[in-house]
Every structure is written in C-alpha cells, then in structure tokens.
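Following: one structure in structure tokens, then a few remarks.
For clarity, every value in this text was computed on a predicted model and none was experimentally measured.
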Amino acid sequence: MNGADRPLELDFLRAVFESVGAGLFITDTSGRLTASNPWADRLLDRDTERMLGQDLHDLLHRQADGRTIPRDECRVLSVLTNGSPAEGSDEFYLRADGTTVPIIWAATPLVRKGKVEGAVIVFHDFSLHRRAVDQQATHLVALEELTERLTIVAEISAVLSSTLDVPKMLYRLVRLLVPELGDWAAVDLRTHPQADDMRRIAVHCEDPGAEDDGGTLLGPLPPLTETPSASVLARVMRGGRPLRLDAEDLTPQAPLAPAHRDLFDRLGGHSAVVVPLSTTRQVFGVLTVARSGARPPCTEADLLVLADIGRRAGLVLDNAQLFDQQRQLAETMQRQLLTPLPQVDHLQMAARYQPAESAAEIGGDWYDAFLLADGVTTMVIGDVVGHDLKAAAHMAEVRNMLRALAWDRQEPPSLIMSRLDEAMTHTSDAPMATAVFARIEGQEGGPWQLHWVNAGHPPPLLVTHDGQARYLEAGHGPLLGMASALHMGLGWPDARERLPARSTLLLYTDGLVESRTRPIDRGLAQLRRHAAELAHRDVDDFCDELLARMEPSGDDVALLALRIPEWGEGRDGGPPPRQHSPSPAAPNRAAPGSQVEDSEVRDTS
C-alpha cells in the first residue's frame with residue numbers, strides 16, 4: 001500500500017470505529033483508556049474527553065449494586081496479561097449518574113510483533129435481555145408455585161373423595177396441608193347442622209414435639225353463642241368468608257375465642273388464615289392454617305388456594321351429611337319392616353340384620369317368620385335386586401305379598417312361590433328377587449322336617465349338634481320377577497329334609513358370604529366351617545359369632561336361625577303346645593349396628 005492510500009484507510013477505520021452499533025474502548029497495556037467511540041459515550045452517558053487516560057477498571061467496572069470489584073477479578077483486563085481473548089455477560093459498567101448497566105462484552109488483545117500493546121473491548125447494553133431473562137425466571141417460579149398448588153389441590157381432592165368417614169378424611173386433609181401451606185392446621189366442625197356447638201375434629205403440627213399436644217386439643221369447643229361476637233371463629237362461621245390473623249390479633253388483649261387461643265398458646269405462630277368449610281347452603285366448620293418462626297405469612301395466592309380447599313371440603317361434608325341422612329332413613333325404614341319373630345313352643349329362633357357400610361347400599365335384604373292358620377311355622381329369607389331406598393320399598397312389597405299368599409292359600413311352597421312370581425310380574429314394579437320360603441312341619445314333640453323352595457338364593461345351611469354342616473342344595477328354581485314359571489314353563493320344585501334333634505337351620509343373604517374381596521365359593525366354605533365349630537352354642541351366640549367371624553362388608557346382611565329341640569319334648573301328657581302371636585323380643589348380644597330378634601320355646605307340659 002502506497003502512502004497516498006494510507007490516509008484513506010485511516011479515515012475508513014475511524015468511520016467504522018465511530019459509527020459501529022456497539023461501544024468500543026481501546027486501552028494501553030496498563031488498562032488506561034486511550035480511545036472511546038460515541039456509542040460507548042451514549043451507553044454510559046459519559047464524555048470521552050473525561051474518560052481518556054483513566055483506568056478502565058477503576059472508572060467503570062462495578063457490581064450490580066455499584067460496589068467496586070477487586071482488580072484481580074477483572075476478566076476484561078485479564079487479556080492484557082494472558083494475551084487471550086475473553087468474553088462475558090455478567091459484568092456491569094457504571095454510568096455517569098451512578099447507576100449500573102449490564103453489558104455483554106468481548107475483549108481482544110492488541111498484538112504487535114508478538115507483543116501485547118493494549119486491548120480492544122466491544123460491549124453492548126444487556127438490559128433488555130437481562131430483563132427478559134429475569135421475567136422468564138419470574139414466570140418459571142410462578143409456574144412452579146402454581147404447579148405445586150395444583151398438585152396439592154389434586155392430592156387434597158383425592159383425599160376428600162376417598163371416604164365418607166368425616167374424621168378420617170379431615171385428619172388426612174390437615175396432614176396434607178402441613179408443611180406445604182402452614183406449620184400447623186386444625187379443623188373445627190358444628191356438632192349438628194345449624195347448631196352452635198362446635199367440636200375440634202383434627203389437628204396436625206409440623207413440630208414433632210407439639211404433635212402430642214395436638215391430640216389433647218381435640219374435642220368439644222365453647223358454643224358460638226358464648227364466644228365474643230368479634231372472635232374469628234364466630235365471624236367466619238356467621239359470615240362464611242376467609243379471615244386473616246396477624247400478630248396484633250394474637251396479643252393477649254385481642255378478642256380471640258378460646259378455641260383459637262388454645263391453639264396458638266400450645267402450637268405457636270405469628271399469623272394464620274381461617275377459611276370456612278361451606279357450601280351455598282350452610283357453613284359446616286372452619287379450617288385454620290397457621291405459620292410460625294421465620295416463615296412469612298400466607299400470601300394472597302395462598303389464601304385463594306385455602307379458600308378453594310375449604311369449598312371443596314364443604315361440598316364433601318354436604319355429601320356426607322346427605323348420605324348419612326339417607327342411610328338413617330333407609331335403615332329406619334328397613335328395621336321397621338323387619339318383623340318380630342313368632343314365639344313357638346320348643347322351637348328357638350334368632351335373627352340378625354346388619355346394615356351396609358354405605359348409605360347407597362342399604363335396602364334389599366329381609367327375613368321373616370310367622371305362623372299360618374294350620375299351626376305351621378314359616379321361615380323366609382330374601383333379597384330384592386338393588387341397593388337403595390327403592391329396593392327397601394320393593395322389599396316390603398314382596399314380603400307382604402308373600403305373607404298374604406302363604407296365609408290365604410296354605411299350599412305347598414312351590415305353589416306359593418309360583419303365585420308370588422305371577423303377582424310380581426303383573427301387579428308390581430318390583431325388580432327381580434331371590435328368596436327361600438320354608439315350612440317347619442311335624443307332629444307335636446317331633447320329628448320335624450323342612451319343606452322348602454329356593455328361588456335363586458344361597459342354599460340353607462343345616463348344622464347338626466355334632467358339628468356336621470352341609471348346604472341343602474335341593475328345591476332350586478329361577479329368580480322371582482322373571483315370569484319364568486308363566487312363560488318358560490319353569491318352576492320351583494318342593495324339597496324336604498328331616499331336621500335332626502338339636503340341629504340348627506341357618507338362612508342368610510349373600511352379603512354374609514360374598515364381598516368385593518371374597519368370592520362367594522370361598523365365603524360359603526368359610527361359613528360352613530365356622531357354623532360347624534359353633535354347633536354347640538345357643539342360637540343367639542351362634543348368630544352373633546357368625547357375624548363376627550365372617551366380617552361382612554359392603555352389602556347389608558340378614559340372618560335367620562332355627563334350633564330344633566330334642567324329639568319327644570312336651571309329650572308327657574300335658575296340654576298341647578301353644579302357638580304364640582308375634583311379639584318383639586329384647587335385643588340380645590347384638591353385633592355392632594345390627595338388629596336382634598329372638599324367640600325361645602318354653603315347655604308347657
């Protein structure tokens with residue numbers, strides 16, 4: 001290149017230096033600024049003349065908050081010592097107004113004849129990118145928090161829908177809330193709908209040392225009418241809106257109800273949120289979630305999550321209340337329909353009814369026993385298809401039709417069952433049903449025999465006094481309500497079986513031997529084994545122990561047992577046996593939740 005071209009080259013380089021869209025600095029080997037372009041001046045709001053000659057690091061390099069940085073940590077000037085290019089995006093330069101600007105930069109050493117004579121630094125304002133990154137990070141944190149809350153809500157929804165056992169459900173709830181949303185949590189409920197009496201159902205604390213104390217906090221609370229009108233418990237129960245408690249509310253002078261005062265005195269805490277467990281119809285109780293130590297109070301987002309949990313819990317409590325009401329109604333209805341057993345000389349009877357665990361599964365099972373005009377004792381066990389109030393109503397309808405037909409006709413069981421099937425088909429909307437209808441026939445003092453038919457029901461079980469047990473498989477016919485006898489020519493064959501002295505005849509419904517976890521074949525085998533082992537027990541203990549050993553679950557269960565006396569009892573010349581009218585008998589050693597009917601024969605000779 002000749003001399004005439006050199007000024008043109010220098011002019012071109014100067015134009016590039018001054019107009020490039022980035023800040024440009026040139027330093028000498030000591031790090032002092034020897035050149036700065038206009039773009040650098042604008043980025044830092046500084047004047048080139050005032051910067052030239054000053055040390056780049058001391059003048060500009062800062063931390064984000066403006067504090068200085070040790071010179072040996074300056075990555076920009078490191079190119080002067082090691083002769084290698086460097087770049088970064090974590091540094092900040094100081095503006096003239098004292099604020100800092102994040103920069104993205106690249107530094108290259110100026111090398112001449114193998115010797116470093118300075119450095120060129122190219123940099124740009126990194127604020128927009130930094131803000132975008134920070135905003136993205138903020139969004140990610142918010143998304144993670146939202147995901148965590150949604151996960152908690154999903155887990156809580158699963159817990160709330162897992163059982164209708166209210167105390168168990170609420171205890172699981174507070175365990176899920178701690179420590180995710182608080183350091184301790186408690187649930188208080190009304191003892192009855194619309195009542196002012198409250199009871200603490202569940203308490204859980206993160207502190208293991210306070211957990212034992214939490215157990216003593218359960219139980220009755222002061223009625224709402226006796227608490228101060230401004231207390232949080234009363235305000236939430238009356239107003240149905242979430243409320244916050246802070247440090248001022250927790251001072252000894254604050255109008256805090258004893259219900260909450262005891263919690264904070266025992267478990268501690270600097271703040272809490274109290275949300276109603278409610279529906280649009282009523283408030284069932286309150287959920288309190290508290291925080292302690294250095295943990296900050298609940299945020300507005302936390303409050304919204306807890307309020308949503310309170311609404312979900314309120315819906316579950318409402319459903320549980322409705323189920324309980326339906327259960328009580330169905331159980332009361334069915335118990336009223338289960339008749340007292342007749343009192344017949346020599347014959348001992350006992351019956352048990354155990355309702356289903358779920359209100360939705362109450363309804364179809366029944367037992368019956370009554371005297372006919374000819375002095376014969378009948379025994380009936382049955383099960384109408386369905387598990388609800390309608391099934392209970394249909395059960396009563398079928399039972400009453402069978403009673404009327406048996407009394408009026410006094411025909412063999414096969415004909416009675418056929419007439420019942422026709423009546424159900426033509427005059428009733430009752431669904432299909434299973435049943436065993438039996439007559440206990442015999443002369444005074446025995447022997448006795450069983451005369452029966454079976455309409456699709458589990459077979460009767462006969463247990464001798466010496467512990468031999470077998471199912472009576474004869475007499476089987478189709479289910480009732482299928483019009484089988486009328487349209488298909490099917491019927492119910494009469495069956496007879498001699499009843500040994502001191503033997504036990506057991507009629508039962510399928511809920512005793514079948515469940516979701518046990519097939520009916522296995523249940524029948526277990527029933528026969530247990531019944532054989534209980535052959536020497538009196539008839540009441542026989543029924544109670546069978547229920548205890550079989551542990552029926554899910555469906556309702558009915559049992560009807562008959563104990564045959566020794567043959568010849570009552571034949572010593574005394575008056576003939578009396579047939580007593582039906583009358584209720586006192587409950588005797590009932591299984592939990594069961595109804596007991598018993599009848600003993602007294603020798604009148």
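- When L60, L59, L33 are each tested for a side chain to side chain contact (heavy atoms under 4.5 Å, CB included) with Q54, only one passes: L59.
- Of all heavy-atom pairs between P109 and P85, the closest is CD-N, 4.0 Å.
- Among all heavy-atom pairs drawn from V286 and M237, the shortest one is CG1-SD, 3.7 Å.
- Of all heavy-atom pairs spanning T29 and L80, the tightest one is O-CD1, 3.6 Å.
- Listed here is the closest heavy atom pair of L94 and L44: O-CD2, 4.3 Å.
- For W105 and E91, the side-chain atoms include at least one donor-acceptor pair closer than 3.5 Å.
- Minimum interatomic distance between L77 and G31 (heavy atoms only, all atoms of both residues): CD2-CA, 4.1 Å.
- Salt-bridge check for D90 with R75: failed, with every basic side-chain N at 4.0 Å or more from each acidic carboxylate O.
- When all heavy atoms of P242 and P276 are compared, the pair lying nearest together is N-CD, 3.8 Å.
- Close placement of the W184 and F264 rings is indicated, their centers lying within 6.0 Å of each other.
- Checking D41 against S36 by side-chain atom types alone, a donor-acceptor pair falls below 3.5 Å.
- Checked options R291, R295, R244; the residue passing with D302 is R291 (criterion: salt bridge (charged side-chain N to carboxylate O under 4.0 Å, His left out)).
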